Every structure is written in C-alpha cells, then in structure tokens.
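It should be emphasised that the depicted structure is a prediction, and the values quoted were computed from it without experimental measurement.
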Amino acid sequence: MKLNSGRRMKLVGSMLLMLVLSWQNYVSATEPDNFYVFDESKIRINGKLTPFEATYDIKEYGLKRFILNIYLHSTNAAEPPTFNVSVKFPKDKINQIWNSKTWSNKSYFSMPSYDRAAAGFSIISGLTINDHNQITLTCKDAYQAKFVSSNIREENDSIIFNLGFFEDNPPLSTLQDYQAEVMIDFRNIHFSKSIFDASSWFLEDEFKEAVASVDTTNVPVFSTWYPMHRNIPLENITKELDSLKTFNFRSVLVDDGWQALVNMKIDTSYSYEQNSYETMNLFRQKCVEMGLPLYLWYSLPFIGGNPVVLKKFEGKYIRYRAPRQMYVLDPRYPEVRKHLVSTYANFLSEWHFDGYWFDFLKGFYPQEGALIEDDKGRDFVAIDLAVDTLYADMEARLKSINPNIFLGQKFSIVGPNLASYQNFLTGFVGVEKTQVVREKMVNNRLLYGKYTPFMEVVAINPREKPTEVALKIQSVLFGNPYLSFYVATLPQDVKQTIRFWLDYWRKNYKVLFEGSFEPMQVSRFYPVVKVENDQKIIYTVYEDYTINLPVELNKPMDIINSKASLEIKLLSGKSGLEYNFETFNCVGISTEKGILKTKGKNSIGLSIPAGGFIRISQLK
C-alpha cells in the first residue's frame with residue numbers, strides 16, 4: 001500500500017509526538033520530584049539601587065558550576081548602592097551549613113559570629129547530612145569582596161542564600177560602573193573540595209604567588225611563650241636550646257612579652273639596657289649555631305601606658321583596651337605609620353632577626369569599635385586601607401634591610417577566635433577545649449589548603465600526662481605545629497611523646513598536606529578528619545564515629561584515636577576479609593599486632609590506646 005505525501009507527514013508527526021511523550025514520561029519517572037534547575041527564576045536582586053541600573057547574566061563554568069555576572073551602571077558617578085543578590089534553593093536538600101564568616105553550625109538560622117576571626121571573603125555552602133555539597137557560593141569584585149557579606153534565611157520550603165553588597169563600611173568613593181562575579185557550585189562532591197575550589201577561584205593570583213614562595217622548612221616551630229610566661233630567665237631558656245635538637249624543631253619563635261623580660265624599651269626610644277642586649281644576643285647566637293631561624297612576635301601598636309608615646313600621639317588612637325591599659329595607635333595618620341615602620345626597621349638593623357611575626361593586623365581590625373576622635377590630619381578614612389598601606393610600607397622598608405626576611409603568614413587566619421580559651425593554650429588545664437583548636441585548624445585548611453596560615457601555640461606543662469600531650473598535638477596535626485614548653489621540667493615519657501608525634505607529622509607531611517583533605521560532620525565540629533594520597537590513608541578520630549573499612553586496601557591506613565575512650569568502630573563491607581594490624585600507644589610503642597578478620601557486614605569494635613593509633617594493611 002502506498003501513502004501519499006500528506007499522510008506520510010501526518011504519520012511521521014504522530015510518531016515524533018509519541019517519542020516526545022515517551023521521553024517526558026521517562027524523565028518524569030527518573031527525575032526526583034524536587035529536581036532543581038538553576039535559572040533566572042531562582043535569582044533576585046533587591047536594594048536601593050537608584051541611580052544605578054542592574055543587569056546580570058549566567059554563564060556555565062564547567063559541570064554544574066555557573067558564574068553569575070552582576071553589572072551596575074549609572075549615568076552619573078554616585079556612591080556604591082546597598083543591595084543584595086539572593087539564590088533560592090530547596091530546603092529539604094540541605095542538612096548543614098558552612099560559612100567562612102560564621103561558626104559552622106547545624107542550626108543555620110542562628111549562626112554566631114567569629115568575632116575578628118572571620119574570613120575576609122564570603123564562602124557559604126549548603127551540605128547534605130553526609131557532608132556532600134549541594135550549593136556553594138562565593139563572590140569577587142574589584143574590592144576583593146571586602147564589602148560583601150553572606151547570610152541565609154528560610155522562606156517556605158526554600159533556603160535563600162543571600163550576598164549583601166556595601167552594607168557595612170562601604171568604600172568612600174563614587175563610581176559609574178560596578179561588576180561582581182558570583183561563582184555557584186552545585187556539584188554533588190565532598191564539601192571540602194567545593195569550598196577549596198571556591199577559595200582557589202577567589203584567591204587565584206595569591207595561590208600562584210604562594211606556590212612560588214611557600215616554605216615549610218621552618219616548621220615545626222618551638223615557641224618561647226610558655227617559659228617566658230612562667231618567668232623563666234632568658235639565660236636558662238638559652239641553655240636548654242641544645243636539647244631541642246632531639247625534637248627536630250626547624251625554627252624558634254620568640255613570643256610577645258619578651259620586651260618586659262629583657263627590660264627593653266623598643267616601643268618608645270629604641271633603647272634598652274646593655275646587659276639585656278647581651279642576653280638576647282646570646283640567645284640569637286645560639287640559634288645561629290644550631291641552624292635555627294629566629295623569628296620575633298611583635299605587636300607594636302599596643303603601646304601600653306607609656307606617657308612619652310601617649311603624649312606624642314595624643315588623640316591618635318584607634319581604641320583603648322581596658323583593663324590592660326593599652327592604647328592602640330591609629331594607622332590612618334601618616335606619622336603613626338612612619339613611627340611603626342621606623343621602630344621595626346631600627347630594631348631589625350640592630351638585632352638581626354630572621355623575621356617578624358606580625359600581630360598588629362588584629363589590633364587594627366575595624367569591626368571592634370574605633371574611638372571617635374577629632375580628625376588631626378588623617379590621610380585615610382578606611383582603617384583597612386590604612387593597614388594595607390602600612391603593611392606595604394613595612395614590607396618595602398624591612399626588605400631593603402634584609403631581602404630574605406620572613407614576614408609571617410601569607411593569608412589571614414580565620415576562626416573561631418580562641419580568646420576565651422587562653423588558659424587551654426597555656427597548658428595549665430586539660431584537653432577539653434581541643435575541639436575549638438581543631439575547628440580553627442580545619443577551617444583554615446578548607447580555605448587555604450597546604451598554604452594554611454593556622455598557628456596556635458600549644459603549651460605543655462610538666463603536670464600533663466603523655467596521653468593528654470598526644471591529644472593536644474593531634475588537635476593541630478593537620479596544621480603547622482607550634483609547641484612551647486620548658487624541657488628541663490618535663491618527664492621523660494612526655495618528652496618521648498612530643499618527639500614521636502613531631503616525627504610522625506614530619507614523616508607523613510605529604511599525605512597530611514598534599515593529599516585529599518576531608519573533614520566529616522560540620523554540624524559536630526569535625527569529629528573525624530581523613531587525608532589520603534597514593535601511598536597512605538590517615539583517619540584522626542576526635543569523637544565517636546564509625547569508619548568504613550575498604551574491601552580492597554591497597555595502601556596502609558592509620559586510624560588515630562584522639563579521644564579519651566578506647567573504642568574505635570569499623571564497618572566491614574564484606575565477610576571473610578583479613579588484614580594485618582598493629583597498634584601503638586601515645587608514645588609510639590607497639591602494643592599489639594596480628595590479623596584482623598571480618599565476620600559479616602557488621603560493626604567491628606577495636607580497643608586502641610587513647611592518643612595512640614592502629615595501622616591496618618592488606619594481608620599478603
């Protein structure tokens with residue numbers, strides 16, 4: 001039978017319609033009811049935009065990643081407007097929130113601030129209960145996103161991710177055009193990767209510089225903080241430096257407080273007692289003999305109650321800190337910046353340290369409430385811009401004296417702020433606050449990877465047990481260890497514990513810093529951290545958590561028990577598997593070895609010494 005052309009076209013059309021309907025039914029059957037599509041309907045721009053007009057476009061940025069370009073234009077120059085950009089996302093897909101400017105918290109409608117330890121840029125992520133990314137946002141613009149905030153709110157069955165622009169301390173300038181880029185990542189991957197990818201996108205240029213300049217030869221670091229705060233004479237600390245060789249420290253940090261200890265008056269007229277100079281110089285010479293770079297922690301802007309300096313800079317303070325009776329100089333005055341730069345430079349010229357560890361950026365932080373004073377000749381209005389200029393002037397002057405001088409961390413440390421936990425850091429109390437240290441360590445690793453600026457001086461006192469010392473060091477295991485103690489007073493088993501874990505950190509540096517980094521359970525402040533490379537897997541268990549035991553284990557796996565209880569739980573994926581195992585106590589001594597057998601898809605309970613670890617490998 002032959003069909004005319006009209007009937008053939010109708011038949012082809014009917015067949016195409018059936019195919020389309022079949023495909024739609026297939027899609028409906030295979031896609032979940034809450035399937036999310038990112039498009040213009042999910043974006044909203046609100047605010048006091050006049051006289052600016054706002055437009056935007058969306059561009060793909062790889063698989064399930066997009067760049068939202070925001071453009072503002074005004075016919076005439078005007079101050080930057082206050083506005084916000086929001087993205088709508090299904091609430092039922094999100095169980096946890098991570099935010100670079102707040103505490104990580106399972107209650108994402110009430111997130112307290114990090115105080116002055118927030119990141120300088122916003123990254124906010126919505127995660128599943130299993131720590132997988134659902135949505136991550138970050139933003140960059142010509143101002144390095146300094147004037148961009150982030151928050152979220154609930155709206156019916158959705159979570160609204162919001163970026164606020166120019167809400168607090170906007171730049172005192174006018175403009176006709178403004179552009180911002182918002183990177184949005186919907187990949188279903190471990191949240192640590194989505195956060196680091198967002199940070200790498202924002203800090204692309206800085207990371208390129210860090211690759212060329214990163215130097216790990218100066219860690220671990222021995223800090224003089226503990227013995228100095230125990231009023232141990234510097235001469236005695238110098239005599240103990242030889243014993244540090246057995247701990248494999250790579251540098252020495254003379255912590256703040258040394259000025260009073262050696263009767264120095266550097267903050268005023270750069271003068272000091274001659275015997276104090278000789279004492280400090282002997283300390284420096286000893287470090288040179290041992291091949292240890294010597295760094296100085298120096299928070300110069302805290303000028304105390306010295307009447308000479310107070311009179312010289314009267315009315316040029318940014319704040320007063322009671323009850324410590326400390327005034328903080330205002331860097332918006334050119335004479336203040338000149339004073340600070342000259343003081344550092346003069347001291348470096350005479351004392352020949354290898355570098356400074358600047359703490360002054362914290363003292364100048366603009367969100368702590370500056371004193372309202374009459375303008376007596378400021379050349380800056382914005383504090384952060386004045387600090388940037390101060391640092392640039394400082395760097396140029398100091399490098400003209402010593403081109404290889406070390407000037408501290410490349411990036412600003414993020415929180416949480418540990419000001420409320422200073423007793424823990426002195427080593428005078430137990431280890432119950434290691435959670436706060438651990439969270440700070442993890443947050444910095446998430447943002448900066450192996451370039452982490454994380455440093456918390458963990459002090460060790462002679463009353464602590466080896467287990468407690470091991471737990472302390474493990475709380476900073478994925479950062480750069482800064483330890484402080486007085487060797488002469490430590491028991492032998494404590495010294496051996498320190499040696500073992502510093503050696504463990506050194507031997508496993510590549511997997512700790514260059515392997516994949518996966519902290520678990522944001523809402524529980526990272527009770528487990530996993531790192532892995534081609535040669536090794538390391539889990540550190542800070543709280544009760546069940547670890548999956550791979551069916552095929554082609555490299556050794558260390559599981560560190562960094563908690564007081566002894567039980568470590570494993571979940572086997574198959575019955576009848578056998579592995580070699582060996583357990584070690586907190587001092588690094590082997591306590592047991594044998595063969596681990598799985599008997600089913602059940603949880604396996606192991607007894608691991610607190611502060612110790614088990615090493616599991618495939619049975620050969």
(message) I want to check something: taking the side chain as every heavy atom from C-beta on, are Ile124 and Phe161 in contact at a cut-off of under 4.5 Å?
(response) yes
(message) Measuring centre to centre across the rings, with the benzene-like ring taken for any Trp, is Phe83 within less than 6.0 Å of Phe52?
(response) no
(request) Please say whether the positively charged group of Lys316, taken as NZ for Lys or CZ for Arg, lies over the ring of Tyr333, i.e. under 6.0 angstrom from the six-membered ring centre and within 45 degrees of the axis. (result) yes
(request) State, yes or no, whether a side-chain contact exists between Glu240 and Tyr486 at a heavy-atom distance under 4.5 Å. (result) yes
(message) Is the shortest side-chain heavy-atom distance between Leu446 and Tyr526 below 4.5 Å?
(response) yes
(message) Please tell me whether Phe313 and His339 form a close aromatic pair, meaning their ring centres lie under 6.0 Å apart.
(response) yes
(request) Say whether, by atom type as modelled, one donor and one acceptor occur between the side chain of Asn236 and the main chain of Ile232 under 3.5 angstrom. (result) no
(message) Looking at Glu464 and Lys472, is any side-chain nitrogen of the basic one under 4.0 Å from a carboxylate oxygen of the acidic one?
(response) yes
(request) Compute the centroid of each ring, for Tyr344 and then for Tyr356, and state whether the two points are separated by less than 6.0 Å. (result) yes
(message) Under the rule for salt bridge (Lys or Arg N to Asp or Glu O under 4.0 Å), what residues qualify as partners of Lys399, not counting sequence neighbours?
(response) Glu395
(message) A side-chain contact here means heavy atoms from C-beta on lying under 4.5 Å apart; do Leu234 and Met280 qualify?
(response) yes
(request) Would you check if Asp177 and Tyr71 make a side-chain contact, meaning some heavy-atom pair closer than 4.5 Å? (result) no
(message) Less than 4.5 Å apart, side chain to side chain, heavy atoms only: is that true for Asn402 and Phe353?
(response) no
(message) Consider side-chain hydrogen bond (donor to acceptor under 3.5 Å, both in side chains). Of Thr138, Asn99, Asn162, which one does Ser150 pass it with?
(response) Asn99
(request) Using atom types as modelled and distance alone, determine if a side-chain donor or acceptor of Ser484 lies under 3.5 Å from a backbone N or O of Trp225. (result) yes
(request) Please work out whether the ring planes of Phe247 and Phe485 are parallel, tilted or perpendicular, with thresholds of 30° and 60°. (result) tilted
(request) Please report the C-alpha distance between Glu167 and Ser149 in whole Å, then the side-chain angles of each, then the deciding distance to 0.1 Å, and finally whether the side-chain hydrogen bond (donor to acceptor under 3.5 Å, both in side chains) criterion is met. (result) CA-CA 8 Å; Glu167 294 174 334; Ser149 63; 2.8 Å; yes
(message) Under a 3.5 Å distance rule, please check whether Ser199 uses its side chain to pair with a backbone N or O of Ile195 as donor and acceptor.
(response) no
(message) Using 30° and 60° as the class boundaries, would you call the ring planes of Phe207 and Tyr451 parallel, tilted or perpendicular?
(response) tilted
(request) Could you tell me whether the side chain of Arg378 reaches within less than 4.5 Å of the side chain of Asp330, counting heavy atoms only? (result) yes
(message) Donor-acceptor pair, distance only, cut-off 3.5 Å: does the side chain of Arg445 make one with the backbone of Thr452?
(response) no
(message) Can you give me the closest heavy-atom contact between Gln474 and Trp501, atom names plus distance?
(response) NE2-CZ2, 3.2 Å
(message) Taking CD in Glu79 as the centre, count heavy atoms belonging to other residues, nucleotides or ligands within less than 6.0 Å. Is the count above 12?
(response) no
(request) Spell out, as yes or no, whether a donor-acceptor pair under 3.5 Å connects the side chain of Asp354 to the backbone of Leu294. (result) yes
(message) Counting C-beta onward and ignoring hydrogens, is there a side-chain heavy-atom pair between Leu483 and Ile498 closer than 4.5 Å?
(response) yes
(request) Quick one: do Lys286 and Asp242 satisfy salt bridge (Lys or Arg N to Asp or Glu O under 4.0 Å)? Show the steps, please. (result) CA-CA 8 Å; Lys286 189 66 176 178; Asp242 276 328; 2.9 Å; yes
